[in-house]
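This one's a predicted model, so the numbers in the text were calculated from it and none came from an experiment. The figures here come from the full heavy-atom set of this structure, side chains too, leaving out hydrogens, waters and symmetry mates.
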Amino acid sequence: MERRLSQYLLLALAVVLTLFTGFPTADVPVKVWDSTVGMVQVFAVLATAAAWLYLAVSERRRRDYCIALALNLLVVVFLCRALNDIVQCYEYYLYRGG
């Protein structure tokens, strides 16, 4: 029972941290929010660590592997979106003389 509880708490933590990774990092193409960019990077590392900890305390069923993989891939998608937003802001200032 206690192991299950810790497993579900780690899963909930991993999901919340993964969703925090999805915070917007820029108001494209106008401004990059520097504080949010740093926060998103920290949340991405913590979300990945929480997903791996969830996998470590789970019974390692196929479902657990799929959940951990999905959370890690979602972090990558959010980070790619953030990087795309930052690059769009940079291009706007670089090529349009902002």
Side-chain angles (χ1 to χ4, degrees):
M1 178 69 180
E2 200 170 300
R3 181 179 175 150
R4 276 259 192 235
L5 182 63
S6 65
Q7 179 181 353
Y8 289 131
L9 285 175
L10 279 171
L11 179 60
L13 179 66
V15 168
V16 168
L17 289 171
T18 301
L19 293 177
F20 281 164
T21 306
F23 278 145
T25 56
D27 187 13
V28 178
V30 181
K31 182 177 180 172
V32 174
W33 300 315
D34 294 329
S35 60
T36 307
V37 171
M39 186 177 60
V40 163
Q41 293 171 0
V42 170
F43 283 140
V45 170
L46 292 176
T48 303
W52 281 95
L53 285 173
Y54 161 74
L55 189 59
V57 300
S58 70
E59 296 166 358
R60 292 188 177 92
R61 293 187 207 150
R62 182 179 296 170
R63 176 197 69 204
D64 299 329
Y65 283 108
C66 290
I67 289 172
L69 177 67
L71 288 172
N72 285 318
L73 289 177
L74 192 57
V75 166
V76 170
V77 167
F78 285 149
L79 286 176
C80 288
R81 189 189 70 189
L83 181 62
N84 184 40
D85 292 347
I86 292 168
V87 167
Q88 285 181 3
C89 289
Y90 176 73
E91 286 178 351
Y92 177 78
Y93 285 112
L94 186 66
Y95 295 118
R96 290 182 183 89

Point to revise | Euclidean distance, Phe43 CZ relative to Thr36 OG1, rounded to 0.5 Å | key: 10.0 Å
Review point. Same cluster or not: are Ile86 and Val40 linked, directly or through other Ile, Leu, Val, Met, Phe, Trp or Tyr residues, by side-chain heavy atoms under 4.5 angstrom apart?
Key: no
Can you give the donor-acceptor pairs under 3.5 Å from side chains of residues 45-53 to other protein atoms, not counting sequence neighbours?
| residue | atom | partner | partner atom | Å |
| --- | --- | --- | --- | --- |
| Thr48 | OG1 | Ala44 | O | 2.9 |

For a quick test of your reading: what N or O donor-acceptor pairs under 3.5 Å do the side chains of residues 13-34 make, sequence neighbours left out?
| residue | atom | partner | partner atom | Å |
| --- | --- | --- | --- | --- |
| Thr18 | OG1 | Ala14 | O | 2.6 |
| Thr21 | OG1 | Leu17 | O | 2.9 |

Exercise for review: Check the hydrophobic clustering (I, L, V, M, F, W, Y; side-chain heavy atoms under 4.5 Å; chains of links allowed) and say if Leu5 and Leu10 are grouped together.
Suggested key: no
Exercise for review: I would like to know whether Arg4 and Tyr8 meet side chain to side chain contact (heavy atoms under 4.5 Å, CB included); could you show each step before the answer?
Suggested key: CA-CA 6 Å; Arg4 276 259 192 235; Tyr8 289 131; 3.7 Å; yes
Which side-chain N or O atoms in residues 61-79 pair as donor and acceptor under 3.5 Å with protein atoms at least two apart or in another chain?
| residue | atom | partner | partner atom | Å |
| --- | --- | --- | --- | --- |
| Arg61 | NE | Glu59 | OE1 | 3.1 |
| Arg61 | NH2 | Glu59 | OE1 | 2.3 |
| Asp64 | OD1 | Tyr54 | OH | 2.7 |
| Asp64 | OD2 | Ser58 | OG | 3.4 |
| Asp64 | OD2 | Arg60 | N | 3.4 |
| Asp64 | OD2 | Arg61 | N | 3.3 |
| Asn72 | ND2 | Ala68 | O | 3.1 |

